[in-house]
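Every number for a ligand or one of its atoms is a count from 1 in the order of the listing. Just so it is clear, the structure is predicted and the values come from calculations on it, not from any experiment.
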Amino acid sequence: MTRIAVIGCGYVGAVSAACFAELGHEVDCVDTDPDRIALLRSGRSPIHEPGLEPLIQKGIQGRRLHFLDEYPDQFEAKIVFIAVNTPESSEGAADIRWVRDAVSSVAARLGPGSIIVNKSTVPIGTGELVAGMAGRAGRGPVSVVSNPEFLREGSAVRDFMQPDRVVLGSDDPQAIERVASLYAPLEPVIQRTDIRTAEMIKYASNAFLATKISFINEIASICEALGADVAEVAHGMGMDVRIGGQFLKAGLGWGGSCFPKDVKALAHMAAIHGAHPQLLRSVMEINSDQRLRAVAKLRGALGELEGQRVAILGAAFKANTDDTRQSPALELAQLLLLEGASVAIYDPVVPAARLNHLVPMATVAGSVEEAAKDATAVVVATDWPEFIHMDLARLGEGMARRVLVDGRNVLDPLAVRAAGFDYRCVGRPGAEGPALAPALEGVHA
Ligand code: UDX
Ligand code: UDX
């Protein structure tokens with residue numbers, strides 16, 4: 001058992017802290033948001049993350065998880081993880097002001113021989129900046145390790161407990177081994193490297209995954225033009241182990257708190273250091289086009305959008321999370337409102353009050369049927385299981401027109417068309433409407 005501290009109890013910090021406690025370590029969690037700490041102390045998770053709340057409760061009961069809303073005078077822990085947010089700045093760079101704040105607070109409270117571990121996604125070179133700040137705090141030698149997170153929201157606990165790899169970067173091999181020992185019960189594959197390389201592995205991983213999705217979205221557009229089925233194409237490609245089948249789902253494109261800011265920040269870093277990030281720029285452009293293409297599909301089905309009523313199913317940026325940061329669903333809602341449509345949104349877990357605040361011009365519905373009532377079209381914008389299994393006959397009953405745009409390619413085209421819908425999707429036969437799918441139409445004739 002090792003005593004550690006985690007600064008920032010958000011999506012990454014809360015999951016990491018609870019999982020480290022589950023591995024037997026004693027964890028002090030500090031967050032500057034007192035409401036969040038009060039919630040965590042009462043054993044509740046501040047975020048919708050499957051499996052997290054039971055781990056928090058177990059950690060509290062076992063006295064291995066402690067939540068603090070201010071920094072202790074002196075850290076008892078010798079290893080302190082920084083997991084504060086690093087949002088996008090208006091210039092597209094990662095804004096590391098919270099990392100700086102956390103490091104200056106931490107460095108003043110550490111004993112000699114301590115380690116600051118950076119889990120936040122930070123620009124390449126930040127590790128050296130942190131080392132400099134820690135050195136100036138004058139509390140004796142402190143080592144810095146970069147340990148980027150690869151936790152997907154919705155499966156973050158599993159991703160922590162069953163990592164594909166743990167990346168540890170530092171110029172201090174002993175510090176690397178001390179951090180590696182925290183993960184020992186998981187018996188992970190560990191990559192030991194220098195700090196800049198570890199920081200770059202994080203950006204390159206997210207940029208590659210985003211590229212894979214934009215690639216398949218571009219192929220989807222070509223499939224639409226040429227009458228091929230992108231879902232089958234992705235399946236066929238994915239069976240090649242050199243390619244792999246994951247992150248090849250065409251749809252409304254990627255969103256969330258990481259891909260958009262990380263791809264942009266990497267492109268920004270590249271450009272200000274004289275490299276020309278043309279692939280990354282295309283990856284971002286294809287992604288924003290996916291939302292516009294969904295608007296065009298609705299226009300193709302409905303005609304002018306002014307006065308239409310569109311139900312958007314899902315507000316989170318993907319299923320199994322309540323996170324709406326850079327959500328394609330909400331970006332689509334805004335685009336439709338700009339076109340003069342009225343919009344009703346339903347999400348199984350995002351609180352209505354938050355949606356009212358984020359998209360004040362839209363109506364927030366309490367169920368799929370309520371959102372679809374009197375709608376001329378429904379868009380499946382998030383791949384929540386509830387939408388994959390919804391009762392199509394019931395859905396259609398209350399609608400003014402039965403148009404369904406499947407922005408995540410999660411529904412069975414034959415079943416949706418059989419339920420009397422004009423069904424449109426992304427890159428599959430009939431993606432642009434029934435005219436392109438004579439064979440499918442024939443099946444139902
Ligand atoms: C994390 C990362 O650290 C980010 O770099 C990565 O790219 C994505 O995941 P995330 O966990 O999503 O960020 O952030 P968020 O859910 O916003 O939580 C950050 C927490 O840090 C909040 O609870 C906030 O109150 C806390 N915080 C922020 C501090 O405790 N101190 C600060 O100075 C700033
Ligand atoms: C990502 C990284 O995957 C994870 O390692 C960590 O660095 C945090 O950022 P996350 O943002 O939680 O995780 O979600 P992820 O599952 O990667 O999905 C990102 C976006 O891509 C979502 O909007 C999702 O809907 C979209 N996506 C994903 C697709 O459009 N198609 C796919 O095939 C996969």
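Protein heavy atom in closest approach to atom 31 (N) of ligand 1: Thr32 OG1, 3.1 Å. In terms of protein heavy-atom proximity, atom 4 (C) of ligand 2 is closest to Leu151 O, 3.7 Å. Among all non-hydrogen protein atoms, the one lying nearest atom 21 (O) of ligand 1 is Gly8 CA, 3.4 Å. In terms of protein heavy-atom proximity, atom 18 (O) of ligand 1 is closest to Gly10 CA, 3.1 Å. Protein heavy atom nearest atom 33 (O) of ligand 2, with residue, atom name and distance: Lys249 N, 2.8 Å. Among all protein heavy atoms, the one lying closest to atom 12 (O) of ligand 2 is Glu153 N, 2.7 Å. Looking only at heavy atoms of the protein, atom 7 (O) of ligand 1 is closest to Lys261 NZ, 2.6 Å. In terms of protein heavy atoms, atom 28 (C) of ligand 2 is closest to Ile213 CD1, 3.5 Å. Nearest non-hydrogen protein atom to atom 34 (C) of ligand 2 is Phe247 CD2, 3.6 Å. Looking only at heavy atoms of the protein, atom 22 (C) of ligand 2 is closest to Phe317 CD1, 3.6 Å. In this structure, the protein non-hydrogen atom closest to atom 15 (P) of ligand 2 is Lys318 NZ, 3.5 Å.
Below 4.0 Å from some heavy atom of Glu149 lie the following atoms of ligand 1, by number and element: 6 (C), 8 (C), 9 (O). Within the listing of ligand 2, atoms 7 (O) sit less than 4.0 angstrom from a heavy atom of Lys202. Close contacts of ligand 1 with Arg325, meaning ligand atoms under 4.0 Å from a residue heavy atom, involve 12 (O), 16 (O), 17 (O). Taking a cut-off of under 4.0 Å to the non-hydrogen atoms of Leu248, the atoms of ligand 2 that pass are 33 (O). Close approach of ligand 1 to Ala83 is summarised as follows: ligand atoms under 4.0 Å from at least one heavy atom of the residue are 3 (O). Residue Val12 has at least one heavy-atom neighbour below 4.0 Å for each of these atoms of ligand 1: 1 (C), 9 (O), 11 (O). Shown in contact with Cys258 at under 4.0 Å from a heavy atom are these atoms of ligand 2, numbered in order with element: 8 (C), 9 (O).
Under a 4.0 angstrom heavy-atom cut-off, Gly256 registers as lying outside contact with ligand 2. Put simply, part of Gly255 is less than 4.0 Å from ligand 2, judged by heavy atoms. Contact between Arg408 and ligand 2 is present, with at least one heavy atom of the residue lying under 4.0 Å from the ligand.
Between Val84 and ligand 1, a contact under 3.5 Å exists for at least one N or O pair. Remark: ligand 2 and Arg152 share no N or O pair separated by less than 3.5 Å (distance only, no angle test). The distance criterion of under 3.5 Å between nitrogen or oxygen atoms is not met by Phe259 with respect to ligand 2. Residue Tyr71 has no N or O atom closer than 3.5 Å to an N or O atom of ligand 1. Among the atoms of Thr86, some N or O lies under 3.5 angstrom from an N or O of ligand 1.
Within the 4.5 Å cutoff, no side-chain heavy atoms of Ile60 are placed close to those of Leu40. The shortest side-chain heavy-atom distance between Val378 and Val310 does not fall under the 4.5 Å cut-off.
Checked against a 6.0 Å centroid threshold, the rings of Phe20 and Phe81 count as neighbours.
Geometrically, Arg325 does not engage Phe317 in a cation-pi contact defined by less than 6.0 Å to the ring centre and at most 45° from the axis.
Note: Leu151 CG to Arg158 CZ = 11.5 Å, rounded to the nearest 0.5 Å.
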### Message
Set out, in order, the CA-CA distance, both residues' side-chain angles and the distance that settles side-chain contact (heavy atoms from CB on, under 4.5 Å) for Val405 and Val380, then state yes or no.
### Response
CA-CA 6 Å; Val405 174; Val380 177; over 6 Å; no
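Applying the side chain to side chain contact (heavy atoms under 4.5 Å, CB included) test between Phe150 and each of Val167, Val166, Leu209, Asn206 identifies Val167 as the sole match.
Between Asp262, Asn85, Val6, it is Asn85 that holds the heavy atom closest to atom 14 (O) of ligand 1. For atom 20 (C) of ligand 1, the candidate residues are Ile7, Val103, Asp31; the nearest heavy-atom contact is made by Asp31.
Here Ser120 has heavy atoms under 4.0 Å from ligand 1 in both its backbone and its side chain. Under 4.0 Å from ligand 1, not a single heavy atom of Lys119 appears. Neither the backbone nor the side chain of Lys212 comes within 4.0 Å of ligand 2, counting heavy atoms alone.
Put simply, the side chain of Lys119 never gets that close to the backbone of Gly13: no donor and acceptor are under 3.5 Å apart. At least one donor-acceptor pair closer than 3.5 Å links the side chain of Glu199 to the backbone N or O of Gly125. Between the side chain of Arg424 and the backbone N or O of Leu298, no donor-acceptor pair lies under 3.5 Å. For Lys212 (side chain) and Ile243 (main-chain N/O), a donor-acceptor pair under 3.5 Å exists by modelled atom type.
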